[in-house]
J.: 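Have a look at this one before I ask anything.
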Amino acid sequence: MQSLPPPTTLKIPSLSSNPSPSLQFPTFSTNRLIRQINDGRLRTAISTLEHMVQHGSHPDLQTYSLFLKRCIRTRSFDLGRLVHEKLTQSDLQLDSVTLNSLISLYSKSGQWEKAKSIFEHMGNSRDLITWSAMVSCFANNKMGFEALHTFLDMIQNGYYPNEYCFSAAIRACSTAEFASVGDSIFGYVIKTGYFASDVCVGCGLIDMFVKGRGDLVSAFEVFEKMPERNAVTWTLMITRFMQFGYAGEAIDVFLDMILSGYEPDRFTLSAVISASAKLELLSLGQQLHSQAIKHGLTLDRCVGCCLINMYAKCSVDGSMSESRKIFYQILDHNVISWTAMITGYVQKGGYDKEALDLFRGMILTHVLPNHFTFSSTLKACANLADLRIGEQVFAHAVKLGFSIVNCVANSLISMYARSGKIDDARKAFDILFEKNLISYNTVIDAYSKTLNSEEAFELFNEIEDQGMGASAFTFASLLSGAASIGTIGKGEQIHARVIKSGLKSNQSICNALISMYSKCGDIDSAFQVFEDMDDRNVISWTSIITGFAKHGFATKALELFHKMLEAGIRPNEVSYIAVLSACSHVGLVNEGWKHFKSMYAEHGVTPRMEHYACMVDILGRSGSLSEAIQFINSMPFKADALVWRTFLGACRVHDNLELGKHAAKMIIEQEPHDPAAYILLSNLYASTSQWEEVANIRKVMKQKNLIKEAGCSWVEIENKVHKFYVGDTSHSKAEEIYDELEHLSSKIKKLGYVPNMDFVLHDVEEEQKEKYLFQHSERIAVAFGLISISKSKPIRVFKNLRICGDCHAAIKYISLATGREIIVRDANRFHHIKDGRCSW
DNA sequence: CTAGGGTTAG
């Protein structure tokens, strides 16, 4: 039996017994290094490596190679670069395996130049993997041409591409430019059988169709024909559907995936949670949340971001507590997770202060914001109307170089526009080097809202000149601008461009067209658009109902409301304002009550101030002033000025000075600086000839420096808007206009018109009064319309305030005397006046 | 040596 070796041989050699420690030390360290690499403790491994190198000993090439691969796999590129550095310092002769790893490292970290230089130095030692890695590198760095060139070069050098090369080459064809090359390669992979045998090739093909051509149909076909799929393939399809706006399809594919027995992972859940956020499917989102919990992914940053977004968009209670909870569970925050929470706050509405606090918190923790962050934060400043903070935030963006990124600059433009600083908005727009469609739309919308249709239209032309292609948003802004001024000529022009652009079936554009035609006085065309629509939503129905109600066709409005209910469309708050005002216009007290009572009971719409005002109008107009007062007193909240103004209007119609005075006081109490209330009270006194009281009110107004909004009327002739004030003589054709007025005056008096001096609110001589009446802006506009518009067309006049009662009567006579149709839009409604009669 | 992620302005 062999005896045991003497114990001394097992002794670890001491430094003193071994003069060359480096011979012993490295093996020991290399093993430790390998263990650290395999355990994924890469930072510790780097220290070990550095320590070894410092002692003049390098691990072997296999260990270096292992280290590199591990760095690539864990996407620790900066560590990978350190390993490369140490490798260069060693005397090791690099083999192709290591060099291939280095190409891959630089390919993935975006340093394609370095990868290329390694590739070029390799010369004859290149193998199939080297070529594949290089093709892949160019493809990853969006250099399709170079990738395909290398691919062909490889074939010419006698290599047969394998599945790796093919998937890289296919990825290189993911731009429209290389679509036909892609088709050839597609044919090639089918012939060689790689399509059937490799899932990565299939994934490449899916992206070739999606990214290169936006062709989701072909992509899905490829997906369905793949003989073999795994969780990554499923997730890719789900993600692409989601990213290209097909959230519903994404969810369908996900359900299929689950039914087919595949396990979703963080990527899958992220995509589907985003889809449920987009479609506002809270219960699906919640189910996915519990899936995430089941898979232990609640702390995952990526899933967390999607959940934050989903709860911000979908939670019904209006609170951000769910999103906030998720946010604080994430431990390793980065820009994206901070931004997701900031954006959630901003989109939810009402949390702009919290968003700004979070932005500050992010800066304090030294996380650098990106363009998304700035965009949302600026929006928060815009919501708070805080230009000072907004400009500070923007200055920060300038410092970090994000100020020229579109979404940041566009947020700045929007902030200025929404704060009424249209000139600053324009300046920010003008200095923006590369404007995109949203930049244009933002400024166009601002101009449309401030009734500057000239500028809006000019920018719209610029969009078309640059071949940018206006979007539904552009048209909707332009149309609402045209609607506010009532320029039907402009509106029709825009309609023509809508048709030319191929967007004529777009729902929001059609809705905007309905309101444009309706507000420009052409209810027939509005109805035409409505009837031609394939797909109507609650806004389409509400727009046309509002149109008919405002034009005095209440029966038609109510009929359409019933049709809407039959069509299964749920009415909203605005629908009920239209319905109730229709009832009030035709004096349908009972029907009004019926709708008011059923709006909440049957359709869950809680009446708000406007609805109460409509009811007050219904009751007041029918003469039940005391019932109206009772109704006001029974309201669940304090009646505001709108309600009292409505009531005051009824008091005026029914000549009830006492209740009217009470109403006026209530208005002035709530809006002490609104001149309109004083004017109403003054009118009430004037109509009962209490001139002393009228003078008193004027005096108070003067003391408070309240200036009544000047009444003005306008009419559009050949796309140009002509605006008139009372007694206006500034128009170039003023002489002709006044001749026409004179002429009309004598003509209608013969037909029986008697001027009603109640509407002259000055205490002046009767003859003088008549002259005032004839110089009201609406009458001047009508006269100008008569001499400028061809006889076959109706005259459409617009007034910023309510039409004067005497003018209303006079215009009825004018329509009789001239045989013309005159449509007047005042602050409240449309008057279709024809053959001496008004639609009201 | 190959395939899938999150946040964005009107």
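In what follows, chains are A, B, ... by sequence order, proteins preceding strands, each numbered from 1. If you're wondering where the values come from, they're calculated on a predicted model, not measured in any experiment.
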J.: Please list all pairs meeting side chain to side chain donor-acceptor pair (under 3.5 Å) that have one or both residues in residues 192-205 of chain A, counting only residues at least two apart or in different chains.
T.: none
J.: Taking CG from A:Leu412 and C1' from B:dT8, how many angstroms apart are they, rounded to a whole number?
T.: 15 Å
J.: Send over the distance from A:Phe394 CZ to B:dA9 C1', rounded to a whole Å.
T.: 12 Å
J.: Expressed as a whole number of angstroms, how long is the span from A:Tyr416:OH to B:dG10:C1'?
T.: 18 Å
J.: Please name all residues satisfying ring pair (Phe, Tyr, Trp, His ring centres under 6.0 Å) with A:Tyr246, sequence neighbours left out, ordered by chain then number.
T.: none
J.: Nearest-Å distance, CZ (A:Phe119) to P (B:dC1)?
T.: 16 Å
J.: Output all residues satisfying side-chain hydrogen bond (donor to acceptor under 3.5 Å, both in side chains) with A:Ser477, sequence neighbours left out; order by chain, then residue number.
T.: A:Asp445
J.: Hey, does the Lys NZ or Arg CZ of A:Arg229 hover above the aromatic six-ring of A:Phe223, less than 6.0 Å from the centre and inside 45° of the axis?
T.: yes
J.: Show me, pair by pair, the donor-acceptor contacts under 3.5 angstrom made by side chains of residues 230-238 of chain A, not counting sequence neighbours?
T.:
unit_1   : atom_1 : unit_2   : atom_2 : d
A:Asn230 : OD1    : A:Val232 : N      : 3.1
A:Asn230 : OD1    : A:Thr233 : N      : 3.0
A:Asn230 : OD1    : A:Thr233 : OG1    : 2.6
A:Thr233 : OG1    : A:Asn230 : N      : 3.0
A:Thr233 : OG1    : A:Asn230 : O      : 3.3
A:Thr235 : OG1    : A:Ala231 : O      : 2.6
A:Thr235 : OG1    : A:Thr268 : OG1    : 2.9

J.: Holding to salt bridge (charged side-chain N to carboxylate O under 4.0 Å, His left out), I want the full list of residues that pass it with A:Glu354, two or more places apart in sequence or in another chain.
T.: none
J.: What residues form a salt bridge (charged side-chain N to carboxylate O under 4.0 Å, His left out) with A:Arg70, not counting sequence neighbours?
T.: none
J.: Write down the distance between CH2 (A:Trp338) and P (B:dT8), rounded to a whole number of angstrom.
T.: 17 Å
J.: Assess the side chains of A:Arg126 and A:Asn157: does a donor N or O sit below 3.5 Å from an acceptor N or O?
T.: no
J.: Calculate the interatomic distance between A:Phe138 atom CZ and B:dC1 atom C1'; express it in whole Å.
T.: 15 Å
J.: Walk along nucleotides 2-7 of chain B from 5' to 3' and tag each nucleotide B, S or - by protein heavy-atom contact under 4.0 Å, base first, then sugar-phosphate.
T.: BBBBBB
J.: Can you tell me if the side-chain N/O atoms of A:Lys379 get under 4.0 Å from OP1 or OP2 in B:dT8?
T.: no
J.: What salt bridge (charged side-chain N to carboxylate O under 4.0 Å, His left out) pairs are there with at least one residue in residues 234-245 of chain A, not counting sequence neighbours?
T.: A:Asp207-A:Arg240
J.: Whole angstrom is fine here: how far is it from OH in A:Tyr106 over to P in B:dC1?
T.: 15 Å
J.: Of all of residues 420-453 of chain A, which get a heavy atom below 4.0 angstrom from DNA chain B, listed by number?
T.: A:Asn436, A:Ile438, A:Asn441, A:Thr442
